[in-house]
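Quick caveat, the model's predicted, so the values are computed rather than measured. Chain naming here is simple, since letters A, B, ... match the order of the sequence lines and numbering starts at 1 in each.
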Amino acid sequence: MKLAGRLMSRRIMGKASFAELQDAQGRIQIYLNRDEICPGEDKTLYNDVFKKLSDIGDFIGIEGYVFRTQVGEISVHVTSFTFLSKSIRPLPIVKRDEAGNVYDGFNDPEQRYRMRYVDLVVNPQVRETFRMRSKLVQTMREHFNQLGCLEVETPILQPLYGGAAARPFKTHHNALDMTLYLRIANELYLKRLIVGGFDGVYEFSKDFRNEGMSRFHNPEFTQVELYVAYKDYQWMMDMTEELLEKVAINLHGTPEVQVGEHTISFQRPFARFTMYGAIQHFTGHDISEMDEAALRNLCKELKVETDNSMGRAKLIDEIFGTHCEPKLIQPTFITDYPVEMSPLAKKHRDNPHLVERFELICNGKEVANSFSELNDPLDQRARFEEQLTMGLRGDEEAMMLDEDFLRALEFGMPPTAGIGIGIDRLAMIMTNQPSIQEVLFFPHIRPEKEG
RNA sequence: GAUUCGAUAGCUCAGCUGGUAGAGCAUAACACUUUUAAUGUUAGGGUCCUGGGUUCGAGCCCCAGUCGAAUCACCA
C-alpha cells in the first residue's frame with residue numbers, strides 16, 4: 001500500500017524506528033528498518049534523511065504492507081520511503097497516554113485561533129468539530145432540496161440594509177461614488193425571488209453586524225434563510241422540528257445531544273409557548289393587555305433595564321430575554337409576537353395586535369426566527385413608516401424603508417413562510433462547544449502587533 | 001465599552017517577603033532491530049508582553065498601554 005502524510009512522532013531505536021503518520025483520516029503507526037529501506041551499501045536515506053533531517057511536522061510518503069506489531073498495534077511495515085515536504089517551524093507536540101490523558105496540549109485560545117492551521121494539525125477533536133459543522137450544513141441543504149427549494153445567491157453589498165434589526169458595516173463603491181452596506185440579512189432579496197415566481201428558495205449566507213463580540217457573537221456569521229410559498233408559520237414549525245431531529249440523528253445517531261451539563265433532545269415535537277404565555281409562565285404576569293406605561297412599571301418591578309427609546313415591543317423583548325430565554329434549554333418554540341416587534345411579519349389571523357411569528361429557543365439562546373411573511377404592500381409600508389418613527393426616537397436598529405422592496409410586494413407576493421436559522425449557534429449546540437470561536441475556522445480577533 | 005483574571009524556553013507550566021530563571025516534552029549529539037507519553041547519557045535554548053516608576057537591586061511591587069479569556073451591556 002501507499003500512504004502520504006505528516007510525521008507526528010518518532011521513536012528511533014538504532015537500525016529500526018517507529019513513527020506515526022497523520023493524514024485527514026487519522027494516524028497510523030509505521031515501522032522502518034534501515035536495511036529494508038536501504039538494501040545497498042548507501043544507508044543515507046535512513047541514517048541521514050530519516051533520522052537526522054526529518055522533523056515532526058514533515059510530510060513523507062511511504063510504501064509498505066500492513067502488519068500487527070508484537071504489542072498488537074496495526075502498523076505499516078515500510079518498504080520504501082520518500083521525503084515530500086519540510087516543516088521549518090516546530091510543531092507543538094501533544095502527547096496522549098493509553099488512558100487518553102493529554103500532555104503538553106496546545107490549549108491557549110489566542111494561539112489556537114490565530115494559528116488555526118496548527119490547531120487543526122495537532123488537535124483531532126477540533127477537526128472533528130468542523131467535520132460535524134459541515135455535515136450539519138450538508139444535512140440541511142439536502143433537506144431543503146428534498147422540499148423542492150432552490151439554492152440561490154443574493155447580494156452581500158447592498159445599497160440599503162434590511163431584513164433585521166442591527167447596525168451595519170458601511171463601505172464605499174468608488175466607481176459609483178456611493179455608500180454600500182454589507183448585508184445584515186438577505187430576507188428582502190429572497191422575498192423578491194418569491195415574488196418572481198420561485199416557490200421555495202434558500203441561501204446559506206454570511207451576514208455582517210457591526211456590534212459587540214462575545215462568545216455568542218462574531219461580526220460575520222452564517223445564517224440560512226428559507227422562504228416557501230403557500231405555507232405559513234405553523235407549517236414552518238413542523239418543518240423545523242423535522243429538520244433539527246434529522247440533523248441531530250445524522251450527527252449523533254440519536255436525537256439526544258449532550259451540551260455542557262444538559263442533555264438536549266431534538267425528538268419531535270418540541271415544546272410550544274406563546275410569547276405572552278411564556279412571560280406569564282416564567283414571571284407570573286399577564287402582559288397581554290398592558291400598555292407601554294404599565295410595561296415600563298413591570299420592567300422596574302422585574303429589574304429589567306429600560307431606556308426611553310424603547311417602545312412596547314422592545315420592553316416585552318427585554319422581559320422575555322431576561323426572564324424566559326435563559327431558562328429554555330430544551331428546544332422550544334415561542335410564538336405570536338407583538339406586532340411592533342416584527343415589521344416584516346404578517347398579522348395574526350386571530351389577533352391584529354400579534355403577528356404569526358415564532359422563534360426557536362434552545363440552550364437559552366435564539367436559534368431560529370420565522371414568520372408567515374407580510375405580503376400586504378399597504379401594511380408593509382405602514383410598518384416601515386412606524387420603524388422610521390422608532391428611528392427618530394433613537395432606536396438605532398430601526399429598519400430603513402426600502403421602496404424597491406415595497407414595489408416588489410405591490411406586484412403581489414403569494415402567502416409565504418420564511419425562516420432564518422443561525423448556523424453558528426446551531427453548530428455550537430450540535431457539537432457541544434461553549435463559544436462561537438470554536439465553530440468558526442477563523443473567528444474575528446484583534447490583529448497581532450508588529451514584531 | 002465596563003469589571004475580573006491572565007501573558008515566563010517552540011509547547012505545557014513552575015518560580016521567591018524583591019537578590020540576576022527552572023522542569024517535562026520538543027530540539028542537537030551519542031547509544032539502541034518491535035517501540036508506543038520509547039529508553040539511557042550529554043548539550044544548547046529566555047529582552048520573564050511593551051513602556052515608565054519605586055528600589056542598592058524588579059519576572060515579582062506601583063502606574064500606563066497591548067493582546068487574550070470570562071462576566072456584563074448591544075445583538076444572532
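- A/Glu373 has no carboxylate O lying under 4.0 Å from a charged side-chain N of A/Lys346, or vice versa, which leaves the two without a salt bridge.
- A gap of 15 Å separates the P atoms of B/U35 and B/G40, to the nearest Å.
- At a threshold of 4.0 angstrom between heavy atoms, the contacts of A/Asp55 are confined to the sugar-phosphate backbone, with no base atom among them.
- Summarising the base pairing, B/U47 is matched to no nucleotide, lacking a Watson-Crick or G-U wobble pair whose two defining distances lie under 3.5 Å.
- Between the CD1 atom of A/Ile12 and the C1' atom of B/C30 there is a distance of 12 Å, given to the nearest Å.
- Comparing B/A58 with B/U20, their C1' atoms sit 10 Å apart, to the nearest whole Å.
- Salt bridge status for A/Arg268 with A/Glu245: present, with a side-chain N to carboxylate O gap under 4.0 Å.
- You'll find that the side chain of A/Arg446 is closest to B/G1, out of B/A29, B/G1, B/U33.
- Look at B/C67: its Watson-Crick or wobble partner, with both distances under 3.5 angstrom, is B/G6.
- Pairing for B/C11 is with B/G24, a Watson-Crick or G-U wobble pair whose two hydrogen-bonding atom distances lie under 3.5 Å.
- Under the 4.0 Å criterion applied to side-chain N and carboxylate O atoms, A/Glu225 and A/Lys191 are not assigned as salt-bridge partners.
- Distance from the side chain of A/Arg11 is smallest for B/A38 among the nucleotides B/C74, B/C11, B/A38.
- Ranking B/A69, B/C11, B/U36 by closeness to the A/Gln437 side chain, first place goes to B/A69.
- Using a 4.0 Å heavy-atom criterion, one finds that A/Arg114 contacts the sugar-phosphate atoms exclusively.
- In this structure, the nucleotide among B/C30, B/U34, B/A73 sitting nearest to the side chain of A/Gln70 is B/U34.
- At whole-Å resolution of the value, CZ in A/Phe18 and P in B/C32 are 17 Å apart.
- The side chain of A/Asp104 lies closest to B/C25, out of B/C74, B/C25, B/U34.
- Among the heavy atoms of the strands lying under 4.0 Å from A/Gly212 is at least one base atom, whether or not backbone atoms are also near.
- Across all strands, A/Arg34 comes closer than 4.0 Å to no nucleic acid atom at all (heavy-atom distances).
- Applying the 3.5 Å distance criterion, the base of B/U33 shares a donor-acceptor pair with the side chain of A/Asn33.
- Proximity note for A/Glu73 (side chain, C-beta onward) versus B/G10, B/C11, B/U36: the nearest is B/U36.
- At the heavy-atom level, A/Ala165 lies under 4.0 Å from the strands shown only through sugar-phosphate atoms.
- At the heavy-atom level, A/Asp207 lies nowhere under 4.0 Å from the strands shown.
- Taking atom NZ of A/Lys95 as the reference point, atom P of B/G24 lies 13 Å away to the nearest angstrom.
- Without hydrogens or angle criteria, A/Glu211 side chain to A/Arg167 main chain gives a donor-acceptor distance under 3.5 Å.
- Across all strands shown, A/Arg209 has heavy atoms under 4.0 Å from base atoms, whether or not it also approaches the sugar-phosphate.
- Geometrically, A/Arg133 does not engage A/Phe130 in a cation-pi contact, judged by NZ or CZ lying under 6.0 Å from the ring centre and within 45° of the ring axis.
- Positionally, the nearest nucleotide of RNA chain B for A/Val94 lies more toward the 5' end than for the other of A/Ala166 and A/Val94.
- Of all nucleotides listed (B/U34, B/A73, B/U27), B/U34 comes nearest to the side chain of A/His77.
- Checking B/C25, B/A70, B/A37 against the side-chain heavy atoms of A/Asp97 singles out B/A37 as nearest.
- Straight-line distance from the CZ atom of A/Phe50 to the C1' atom of B/U35: 12 Å, rounded to whole Å.
- Checked against the 6.0 Å centroid threshold, A/His77 and A/Phe67 count as a close aromatic pair.
- Heavy atoms of A/Asn107 sit under 4.0 angstrom from primed sugar atoms or phosphate atoms, though from no base atom.
- For the pair A/Met341 and A/Arg357, the minimum side-chain heavy-atom distance is below 4.5 Å.
- A distance of 6.0 Å or more separates the ring centres of A/Phe273 and A/Phe333.
- One C1' atom belongs to B/G51, the other to B/A21, and the distance between them is 23 Å to the nearest Å.
- Taking the C1' atom of each, B/C48 and B/A7 are spaced 10 Å apart, rounded to whole Å.
- Ring to ring, A/Tyr233 and A/Phe371 are not that close: their centroids are 6.0 angstrom or more apart.
- With hydrogens and angles disregarded, no donor-acceptor distance shorter than 3.5 Å links the side chain of A/Glu301 to the backbone of A/Arg296.
- Across all strands, A/Lys51 comes closer than 4.0 Å to no nucleic acid atom at all (heavy-atom distances).
- As rounded to the nearest Å, B/C74 and B/G65 have C1' atoms that lie 26 Å from one another.
- Between A/Leu7 atom CG and B/U27 atom P there is a gap of 10 Å when expressed in whole angstrom units.
- Under the Watson-Crick or G-U wobble criterion, with both distances below 3.5 Å, B/G1 is paired with B/C72.
- The residue A/Phe67 sits close to a base: some heavy atom pair falls under 4.0 Å.
- Among the atoms of the strands shown, only primed sugar atoms or phosphate atoms (P, OP1, OP2) are found under 4.0 Å from some heavy atom of A/Ile445.
- Of all nucleotides present, none satisfies the Watson-Crick or G-U wobble test against B/G57 with each distance under 3.5 Å.
- A distance of about 10 Å separates the P atoms of B/C49 and B/G59, rounded to the whole Å.
- Listed nucleotides: B/U36, B/U71, B/A69. Nearest to the side chain of A/Pro109: B/A69.
- Distance A/Leu21 CG to B/U36 C1': 15 Å, rounded to the nearest Å.
- When rounded to the nearest whole Å, the span between CZ of A/Phe216 and C1' of B/A69 equals 14 Å.
- Atom C1' of B/G15 sits at a distance of 33 Å from the matching atom of B/C30, rounded to the whole Å.
- Pair assignment for B/C30: B/G40, on the basis of Watson-Crick or G-U wobble contacts that are both within less than 3.5 Å.
- Comparing B/U27 with B/G44, their C1' atoms are spaced 9 Å from each other, to the whole Å.
- Separating the CD atom of A/Glu110 from the P atom of B/U12 is a distance of 11 Å, rounded to the nearest angstrom.
- For B/C11, one of the phosphate oxygens OP1 or OP2 lies less than 4.0 angstrom from a side-chain nitrogen or oxygen of A/Gln111.
- For the pair A/Arg215 and B/U71, the criterion of a side-chain N or O lying under 4.0 Å from OP1 or OP2 is met.
- The nucleotide whose nearest atom lies closest to any side-chain atom of A/Val71 is, among B/U34, B/A29, B/U36, B/U36.
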